[in-house]
Amino acid sequence: MNNWKLETIAVQSGYTPENGGARVVPITQSTTYKYNDAQSVADLFDLKREGFFYTRLANPTVACFEGKIAALEGGVAAVATSSGQNANLLSIMNIARCGDHVVALSSLYGGTISLFTNTMKKMGIEFTFVRPEATTEAIEAAIRPNTKAIFGEVLANPELVVLDIERMADIAHRHGLPLIVDNTFPTPYLCRPFQFGADIVTHSTTKYLDGHATSVGGVIVEKGGFNWSNGKFPELCTPDISYHGLVYTENFAACPYSAKMRAQWIRDLGTPQMPFNAFLTMLGCETLHLRMERHSENAQKLAEFLLAHPKVSWVKYPGLPGDSQHEMAKKYLKGCSGVLSFGVKGGKAAGEIVMDNLKLAAIAVHVADVRTCVLHPASMTHRQLSEEELIAAGVSADLIRVSVGIENIDDIKADFEQALALV
Ligand code: PLP
């Protein structure tokens, strides 16, 4: 095992060509794999040996991608999924079943709130939402005997609250629970949550890891070392009848959570990541460090520009010294990423004028790619939420979210200047 720094991991890890092999990871666009004898395939089915037999479970290109992400996060294993939404769903389903409960920090992406409050409720898994700044006592009070995890976003979309990962990990571990964090906005380049005590990291790889808005995908990464045998997670440490009595904590002692994830959920629900998406996202990862630095630098400059603008009523960006999250950002983030939010004097209607007149920044239901774009969460991504849920998720009616790209910052500022001039 080498001692590479993150930039080198981003470029080099995941795929090592053999002598004379393709320099760039090949796309194995094949559903199946050929074997010469029946026993080899039987052993693969029994998980007795590693290899590929069907792309719904595993694929060589996707495996390289999983290796790269595991290395970037510093985890023992990663499982790629069809989307970020699926990654968050499976991260919980892997350890909670009907009748169980999860504590979630309430500043979350709207789709995640919807997933937790509606869809997973129908599956019998109940969530209690707690504000991330709630006292330790209040968070502990939400934990029940059937609670299976604490879940939060490292840099919340779109509220831009920075999670106090160490505090949440301490609380979780005191109660024998894993801390699961969605690290989509910072990416492992700006924050490596395992170093602060998180146990599982999820990503919408659709965002900065791809970085070019080409591929929907997700990934779940396991840190390793969590005590799944503490009595709360029997499915990980007792025989799995769907695999001839295999016990994940014994047969896959280094990465039982990931082994179970692939063997049960990816297999049965059929939500793997596709090889071409994994290929494109791996390409994106190779420039992650360069892009995240420029995204953070441009967002900082645009935040400062908007803050000084007479037509702007407020700006939210953790990189601003006056921001409520500034100290937390200094502790956990190497840069504050490319997303900021702001309000225009005159409220929602004035904000719409600005959005409609931006020329370089497009209105797009996306964040985190190289092109600057804007979005109005209350009427778009968070549209399904009730008034109370919008307030809990920190989404005001006038909030415009900007995903600052890596274009020249002078051009980005000029675009906002001309649009604001029309209000
Ligand atoms: N997590 C976060 C923080 C997100 O911002 C998103 C999407 O915007 C998701 C999860 C869901 O990811 P996907 O759109 O890839 O399903």
Side-chain angles (χ1 to χ4, degrees), residues 62 65 69 73 78-93 102 104-120 127 129 132 151-163 165 180-188 190-191 193 198 200-221 266 269 271-274 277-278 280-281 284-285 292 295 318 332-333 336-341 363-369 373-378 380-385 393-395 399 401-404:
V62 179
F65 170 60
I69 299 292
E73 284 290 4
V79 177
T81 59
S82 55
S83 66
Q85 208 57 1
N86 190 250
N88 284 336
L89 168 74
L90 297 191
S91 75
I92 306 274
M93 279 178 73
V102 173
L105 287 321
S106 66
S107 52
L108 295 173
Y109 163 60
T112 308
I113 297 176
S114 215
L115 169 71
F116 289 175
T117 40
N118 303 315
T119 304
M120 292 188 79
F127 285 76
F129 293 92
F151 183 100
E153 259 173 49
V154 175
L155 178 58
N157 172 15
E159 207 189 344
L160 303 178
V161 169
V162 181
L163 192 71
I165 307 172
I180 305 176
V181 295
D182 180 332
N183 196 29
T184 296
F185 270 21
T187 79
L190 299 180
C191 178
I200 305 294
V201 164
T202 65
H203 283 280
S204 164
T205 61
T206 321
K207 306 294 164 352
Y208 288 113
L209 290 173
D210 165 13
H212 299 78
T214 66
S215 310
V216 172
V219 72
I220 304 152
V221 196
I266 298 292
L269 298 187
T271 54
Q273 189 164 132
M274 289 296 112
N277 281 20
L280 288 172
T281 308
C285 288
M292 292 318 290
H295 279 296
Y332 289 112
L333 306 177
C336 290
S337 201
V339 181
L340 62 84
S341 56
I363 298 176
V365 183
H366 199 247
V367 278
D369 74 81
C373 63
V374 292
L375 176 141
H376 181 236
M380 298 177 187
T381 47
H382 288 61
R383 193 178 179 77
Q384 321 299 342
L385 304 195
V395 179
L399 186 152
R401 189 184 67 184
V402 188
S403 174
V404 187

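In what follows, every heavy atom counts, from backbone to side chain, and hydrogens, waters and symmetry copies are set aside. Indexing begins at 1, ligand by ligand and atom by atom, following the structure's order.
Between Cys336 and Leu155, the closest heavy-atom pair is O-CD2, 3.6 Å.
Residues forming a side chain to side chain donor-acceptor pair (under 3.5 Å) with Asp210 (at least two apart in sequence, or on another chain): Thr214. Considering only residues two or more places apart in sequence or on other chains, Asp369 meets the salt bridge (Lys or Arg N to Asp or Glu O under 4.0 Å) condition with Arg371. Legend: residues meeting ring-ring contact (aromatic ring centres under 6.0 Å, His included) with Phe185, ordered by chain and number and at least two apart, are absent.
Contact of the Phe151 side chain with the Leu108 side chain is registered, since non-hydrogen atoms from C-beta on lie closer than 4.5 Å.
Pocket lining of ligand 1, defined as residues with a non-hydrogen atom under 4.0 Å away: Ser83, Gly84, Gln85, Asn88, Tyr109, Glu153, Asn157, Asp182, Thr184, Ser204, Thr206, Lys207, Gly217.
Of the possible donor and acceptor atoms, one in the side chain of Thr206 sits under 3.5 Å from a partner among the backbone N and O of Gly217.
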